[in-house]
*Asks:* 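So that we are looking at the same thing, I have put the structure below in structure tokens.
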Amino acid sequence: MSEEAKSNLLLGKCHVNLPSLRSRVVRIFTSSTFTDTSVERNALMRDIYPKLKEYCKSHYGLEFQVVDMRWGVRDEATDDHMTSELCMKEIAECQKVSTGPYFVTFLCQKYGYRPFPPKIPATEFDVMRQVLIEDGKSVETLDEWFEKDSNAVPPVYILQQIGRASCRERV
């Protein structure tokens, strides 16, 4: 690159042919704990995102979209312990679809949601269960909530739905 081209680039004078956009969408996934960032998230939704939407449209002809998981996680996804997987799929979709940035996060005081894994490899589960027994701890709740799937390769233990009859009594 010539010195003149470098100078023009630094001055914002970019008269080059840019590659075509892969899409006409900027899709942002907003990530944070819900309770300690509600003021910030609400301010983004109310004050910032509408302005970004207008800016993207008027200056570049882009559609600006926001994914905010405070809304739209169905009870069935929560009962099936699929909230984290659903969020990861939405992030991947934002990354795939967005022609620009796709992820905004707020880091605050809380660690956030830490779910049980929906699947545990049988070898790990069996070791964990044995350690609990050797320590004189009950494995009754563990056995009630996790069911072995011997058809999986390799075998796994699956966390059962919240609404399942035998588990419902303990919730």
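Starting from 1, each residue takes its place in the sequence as its number. All heavy atoms count here, side chains included; hydrogens, waters and symmetry mates do not. No experiment lies behind these values; they were computed from the predicted model shown.
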*Asks:* Run the salt bridge (Lys or Arg N to Asp or Glu O under 4.0 Å) test against Glu40 and tell me which residues pass, sequence neighbours left out.
*Replies:* none

*Asks:* Which is it for Leu159 and Lys119 under the side chain to side chain contact (heavy atoms under 4.5 Å, CB included) test, yes or no, and what are the steps along the way?
*Replies:* CA-CA 6 Å; Leu159 182 60; Lys119 294 179 183 176; over 6 Å; no

*Asks:* Under a 4.5 Å side-chain heavy-atom rule over Ile, Leu, Val, Met, Phe, Trp and Tyr, are Leu52 and Met45 clustered together?
*Replies:* yes

*Asks:* Rounded to the nearest 0.5 Å, what's the gap from OG on Ser98 to CD1 on Ile91? Could you check?
*Replies:* 13.0 Å

*Asks:* If we only count heavy atoms from C-beta on, is the Asp143 to Arg129 side-chain gap below 4.5 Å?
*Replies:* yes

*Asks:* Tyr49: which residues meet the ring pair (Phe, Tyr, Trp, His ring centres under 6.0 Å) condition with it, sequence neighbours left out?
*Replies:* Phe64

*Asks:* Between the main-chain N or O of Lys137 and the side-chain N or O of Asp135, is there a donor-acceptor pair closer than 3.5 Å?
*Replies:* no

*Asks:* Minimum heavy-atom separation for Pro121 and Val156, please, with both atom names.
*Replies:* CA-CG1, 4.2 Å

*Asks:* Step by step, would you call Glu93 with Lys96 a salt bridge (Lys or Arg N to Asp or Glu O under 4.0 Å)?
*Replies:* CA-CA 5 Å; Glu93 185 65 19; Lys96 185 175 93 178; 3.5 Å; yes

*Asks:* Please determine if Glu85 and Lys89 form a salt bridge, counting it only when a charged side-chain N lies under 4.0 Å from a carboxylate O.
*Replies:* yes

*Asks:* I'd like to check Val25 versus Leu62 (side-chain heavy atoms, cut-off strictly below 4.5 Å). Are they in contact?
*Replies:* no

*Asks:* Any chance you could measure Ser31, atom OG, to Phe106, atom CZ, to the nearest 0.5 Å?
*Replies:* 10.0 Å

*Asks:* Take Tyr157 and Phe125 through the ring-ring contact (aromatic ring centres under 6.0 Å, His included) test and state the conclusion after the steps.
*Replies:* CA-CA 7 Å; Tyr157 280 84; Phe125 187 90; 3.8 Å; yes

*Asks:* Please answer: with hydrophobic residues joined when any side-chain heavy atoms are less than 4.5 Å apart, are Trp145 and Ile133 in the same cluster?
*Replies:* yes

*Asks:* Would you indicate whether Glu134, at its atom CD, is surrounded by more than 12 heavy atoms from other residues, nucleotides or ligands within a distance under 6.0 Å?
*Replies:* yes

*Asks:* Measure the OG-NZ distance between Ser58 and Lys53 for me, rounded to the nearest 0.5 Å.
*Replies:* 12.5 Å

*Asks:* Show your reasoning for whether side chain to side chain contact (heavy atoms under 4.5 Å, CB included) applies to Glu90 and Arg27.
*Replies:* CA-CA 10 Å; Glu90 284 294 335; Arg27 187 172 180 173; 3.2 Å; yes

*Asks:* Between Ser32 and Arg41, does a side-chain hydrogen bond (donor to acceptor under 3.5 Å, both in side chains) hold up when you go through it step by step?
*Replies:* CA-CA 9 Å; Ser32 72; Arg41 289 174 79 109; 2.6 Å; yes

*Asks:* Phe146 pairs by side-chain contact (heavy atoms from CB on, under 4.5 Å) with which of Thr141, Ile120, Ile158?
*Replies:* Ile120

*Asks:* Taking the side chain as everything from C-beta on, heavy atoms only, tell me whether Val67 gets closer than 4.5 Å to Thr30.
*Replies:* no

*Asks:* Please give me the minimum heavy-atom distance between Leu107 and Thr105, naming the atom from each residue.
*Replies:* CD2-OG1, 4.0 Å

*Asks:* Looking at every non-hydrogen atom in both residues, tell me the closest pair between Gln95 and Tyr102 and how far apart they are.
*Replies:* NE2-OH, 3.4 Å

*Asks:* Looking only at non-hydrogen atoms, find the nearest pair between Ser23 and Val97 and report the distance.
*Replies:* OG-O, 2.6 Å

*Asks:* If every non-hydrogen atom of Val26 is compared with every non-hydrogen atom of Gly100, which pair is closest and at what distance?
*Replies:* CG2-N, 4.5 Å

*Asks:* Could you tell me which non-hydrogen atom of Glu144 sits nearest to which non-hydrogen atom of Gln160, and how far apart they are?
*Replies:* O-CG, 4.4 Å

*Asks:* What residues, two or more places apart in sequence or in another chain, satisfy salt bridge (Lys or Arg N to Asp or Glu O under 4.0 Å) together with Lys57?
*Replies:* none

*Asks:* Less than 4.5 Å apart, any side-chain heavy atom of Gln65 and any of Ile28?
*Replies:* no

*Asks:* Please answer: with hydrophobic residues joined when any side-chain heavy atoms are less than 4.5 Å apart, are Val139 and Val127 in the same cluster?
*Replies:* no

